[in-house]
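The structure displayed is predicted, hence computed values, not measured ones.
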Amino acid sequence: MSATATPTPYLPLTRPTIDDETIAGVGEVLRSGWITSGPKVKELEAKLSEYCGGRPVRVFNSGTCTMEIALRLAGVGPGHEVITTPLSWVATSNVILEVGARPVFVDIDPVTRNIDLARVEAAITPATRALMPVDLAGLPVDRDRLYAIAKKHNLRVVEDAAQSYGSTWGGRRIGAIGDFVSFSFHPNKNVTTIEGGALVLNNDAEARLAEQYRLQGVVRSGFDGMAVEIVGGKFNLTDVAARVGLGQFPRLDEFNARRAALARVYFELFDAPAGRDLGLQLPPRDFTTTNWHMFQVVLPGERLTIKRAGVMEKLHAAGIGTGVHYPAIHLFGVYRRLGWKDGDFPLAEQVCRNILTLPLFPTMTRADAERVVRELTAILTAHFRS
Ligand SMILES: *Cc1c(COP(=O)(O)O)cnc(C)c1O
C-alpha cells in the first residue's frame, strides 16, 4: 500500500442511522416551545401500539425502567423470585433486586445462548412470581414453550425484548403477543430514541398505572385536580427523543433487512475455506425470527494462546471495534455478595468468557465484513496452541 493511500476509517461495533429528515424534525420540536413529553410522545405511542397489534404501549426514558415498572405492575416485590438468565445486560436482574425480589438464574442453551427453557420448571418454587427471559442478539426465546410454562404455573412474564424489536415468533411480531413486553431504544439497538424504552401492556388499567409509575404517581383531572396514590419515579421520554424515534420506525424493516444481509455475508465468509478450523461457534442461522441485533461468535478460548481482551485489542489496532455482550451477571460483585459463585451456571460462564460481538449495523458494507473476518482469522490463526 502506498504511503498516500487513504487510511481505512475505523469500523465501529455499531452506529445509529439518523437521517436528515429526522434531524430537521428534531429542529422543529426544539423550536416548537414544547420539548419534554407531549404530542410526539403520544404519536410514538400510537405508532408502537399499531405495530403491536393494537395493544397499549407506553414509552419511557429507558428500557431498564420499563422492566422495573412491569415487575411492579405484576405485583413482584420482597419475598418473591423471578426466573431469568445469567447471560444478559445486568439491567435485567438489577431491576429484580430493585423491586426487592430475588433473581433465580437458570443456565443457558449454549446454541441459542438464551435461557434454557428445559431447565426452568425445576427452578420454580412457591415464591416464583414471574419469568423474565431475554432475546439475546434479537433471537427470540421460544414463546410457545415459555407461555406454556407460565400458564401451567400461573406466572407473569416480563419479556426483556430490549434487543428483539422487529423479531417475530410464529409469524407474529414480538410485542404483538405475550404478557408484558419491554423494548429498549438505546442507540445500540436496531432503532433508537437516543435513550428510551417502551412497555407493551395488556389493558388500559395497566397502562394508567404505568403512567403513574412513570411520573411521580400523579393523576390529573380537570384544570386543577391532582392525586397521588402511589410512589412513582421520573421516567418520562422527551418529545425530542420521541421525534428521533418517529424517524426511525418507518425504516425498521429496511434496517433489519440490511442487518440480515450482513449476517449472511458473515456466515458465507466464515464458511469459506480461509475461515475454516477457527473453532468459532457461530450464532444460529436464523433468517426467520431474529432481527439480527448482533452477530456474536464464541472464541475457542482454551485452544488459544491469546485472551479475548488481546483479540479485541488487536482488532482495535486494525481499526475494528468489537464488544462483549455480556459478562455473566451472577459473577459481578453485587451478585457474588448475594451468594452466587463461579461454576453455578457453567454453560453461561463458558460462553460469557469467550463471546465476542462483531460489527453489524445497517450502513456497514460487505467490504467491512470481509475486513473483520480477514483480521479475526489472521489473529486466531497466529495464536492457536501447538
Ligand atoms: C439495552 C438492554 C437493556 C436496557 O435498556 P436501556 O434502554 O439501556 O435501559 C436491558 N436488557 C437488555 C438485554 C438490553 O440489551
Side-chain angles (χ1 to χ4, degrees), residues 13-14 63-64 67-68 71 81-99 101-120 122-125 128 130-142 146 158-164 182 184 186 188-189 279-284 293-304 306-313 322-358:
L13 172 66
T14 184
T64 300
M67 297 190 291
E68 183 182 326
L71 289 173
E81 294 175 355
V82 178
I83 294 178
T84 191
T85 169
L87 201 184
S88 182
W89 176 226
V90 68
T92 311
S93 55
N94 277 354
V95 296
I96 299 170
L97 294 176
E98 197 64 50
V99 301
R102 186 170 174 88
V104 171
F105 297 109
V106 166
D107 212 345
I108 61 162
D109 168 345
V111 174
T112 64
R113 302 157 185 173
N114 284 330
I115 191 168
D116 185 352
L117 291 175
R119 299 169 187 259
V120 165
I124 295 172
T125 75
T128 310
L131 305 176
M132 219 168 150
V134 177
D135 302 322
L136 191 75
L139 184 73
V141 167
D142 181 333
L146 172 71
V158 177
E159 298 181 16
D160 182 350
Q163 302 184 0
S164 53
S182 168
S184 166
H186 177 275
N188 284 2
K189 304 305 197 294
L280 289 174
Q281 288 167 44
L282 301 179
H293 170 57
M294 295 191 283
F295 193 96
Q296 299 177 288
V297 298
V298 177
L299 302 174
E302 53 300 326
R303 290 173 55 198
L304 298 173
I306 186 171
K307 293 204 162 89
R308 177 176 59 188
V311 175
M312 294 174 77
E313 189 183 349
T322 54
V324 173
H325 304 92
Y326 295 95
I329 293 175
H330 66 286
L331 300 180
F332 285 128
V334 169
Y335 291 86
R336 284 184 186 271
R337 287 193 288 280
L338 290 169
W340 284 282
K341 57 186 187 317
D342 296 271
D344 283 348
F345 307 104
L347 298 173
E349 288 168 31
Q350 205 278 333
V351 170
C352 291
R353 266 195 305 277
N354 295 297
I355 201 163
L356 186 67
T357 310
L358 304 181

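Among residue pairs with one or both ends in residues 327-337, those qualifying as salt bridge (Lys or Arg N to Asp or Glu O under 4.0 Å) are Arg336-Asp342; sequence neighbours excluded. Listed by first then second residue, pairs satisfying salt bridge (Lys or Arg N to Asp or Glu O under 4.0 Å) with a partner in residues 104-116 read Asp116-Arg119, not counting sequence neighbours.
One distance of note links CG of Asn114 with CG of Leu139; it measures 5.5 Å at 0.5 Å rounding. From Cys352, atom SG reaches atom NE2 of His330 across 8.0 Å, with rounding to the nearest 0.5 Å. Rounding to the nearest 0.5 Å places OG1 of Thr92 at 4.5 Å from CE of Met67. Taking OG1 of Thr85 as the start and CG of Asp160 as the end, the distance is 10.0 Å to the nearest 0.5 Å. Distance check: Gln296 CD to Asn354 CG gives 12.5 Å after rounding to the nearest 0.5 Å. Leu136 CG to Ile108 CD1: the interatomic distance, rounded to the nearest 0.5 Å, is 8.5 Å.
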For this session: Please step through side-chain contact (heavy atoms from CB on, under 4.5 Å) for the pair Ile115 and Val134, ending with a clear verdict.
Result: CA-CA 7 Å; Ile115 191 168; Val134 177; over 6 Å; no

For this session: Given side-chain contact (heavy atoms from CB on, under 4.5 Å), test His325 with Leu13 step by step and report yes or no.
Result: CA-CA 12 Å; His325 304 92; Leu13 172 66; 3.7 Å; yes

For this session: For the pair Tyr335 and Asn94, evaluate side-chain contact (heavy atoms from CB on, under 4.5 Å) and give the outcome as yes or no after the intermediate values.
Result: CA-CA 9 Å; Tyr335 291 86; Asn94 277 354; 2.7 Å; yes

For this session: Mind running side-chain contact (heavy atoms from CB on, under 4.5 Å) on Val82 and Leu131 for me, showing each step along the way?
Result: CA-CA 6 Å; Val82 178; Leu131 305 176; over 6 Å; no

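Distance alone, capped at 3.5 Å, is enough to place a donor-acceptor pair between the Arg308 side chain and the Arg353 backbone. A side-chain donor-acceptor contact under 3.5 Å links Thr84 to the backbone of Met132. Looking at Glu349, its side chain does come within 3.5 Å of a backbone N or O of Phe345 through a donor-acceptor pair. Side chain of Glu81 to main chain of Arg102: no donor-acceptor pair is present (N/O by atom type, distance under 3.5 Å, no hydrogens or angles). No donor-acceptor distance shorter than 3.5 angstrom exists from the side chain of Asn188 to the backbone of Thr14, with no hydrogens or angles considered.
Side-chain atoms of Val334 and Val90, non-hydrogen and from C-beta on, never get closer than 4.5 Å to each other. Residues Val104 and Thr128 form no side-chain contact, since every pair of their non-hydrogen atoms from C-beta on lies 4.5 Å or further apart. Put simply, the side chain of Ser184 does not reach to within 4.5 Å of the side chain of Trp89, judged on heavy atoms. For the pair Glu68/Val99, a side-chain contact is recorded, criterion being any heavy-atom separation below 4.5 Å from C-beta on. In this structure the side chain of Thr357 never reaches within 4.5 angstrom of the side chain of Thr322, judged on heavy atoms. Between Val95 and Thr64, some side-chain heavy-atom pair lies under the 4.5 Å cut-off.
Of all heavy-atom pairs between Pro103 and Leu97, the closest is CD-CD2, 3.6 Å. Of all heavy-atom pairs spanning Val141 and Asp135, the tightest one is N-OD1, 2.9 Å. The two atoms that bring Lys189 and Gln163 nearest to each other are CE-CG, 3.9 Å, heavy atoms only. A pairwise comparison of heavy atoms in Ala348 and Pro86 identifies CB-CG, 3.6 Å as the closest pair.
Classification of the Phe105-Trp340 ring pair by plane angle, with boundaries at 30° and 60°, yields perpendicular.
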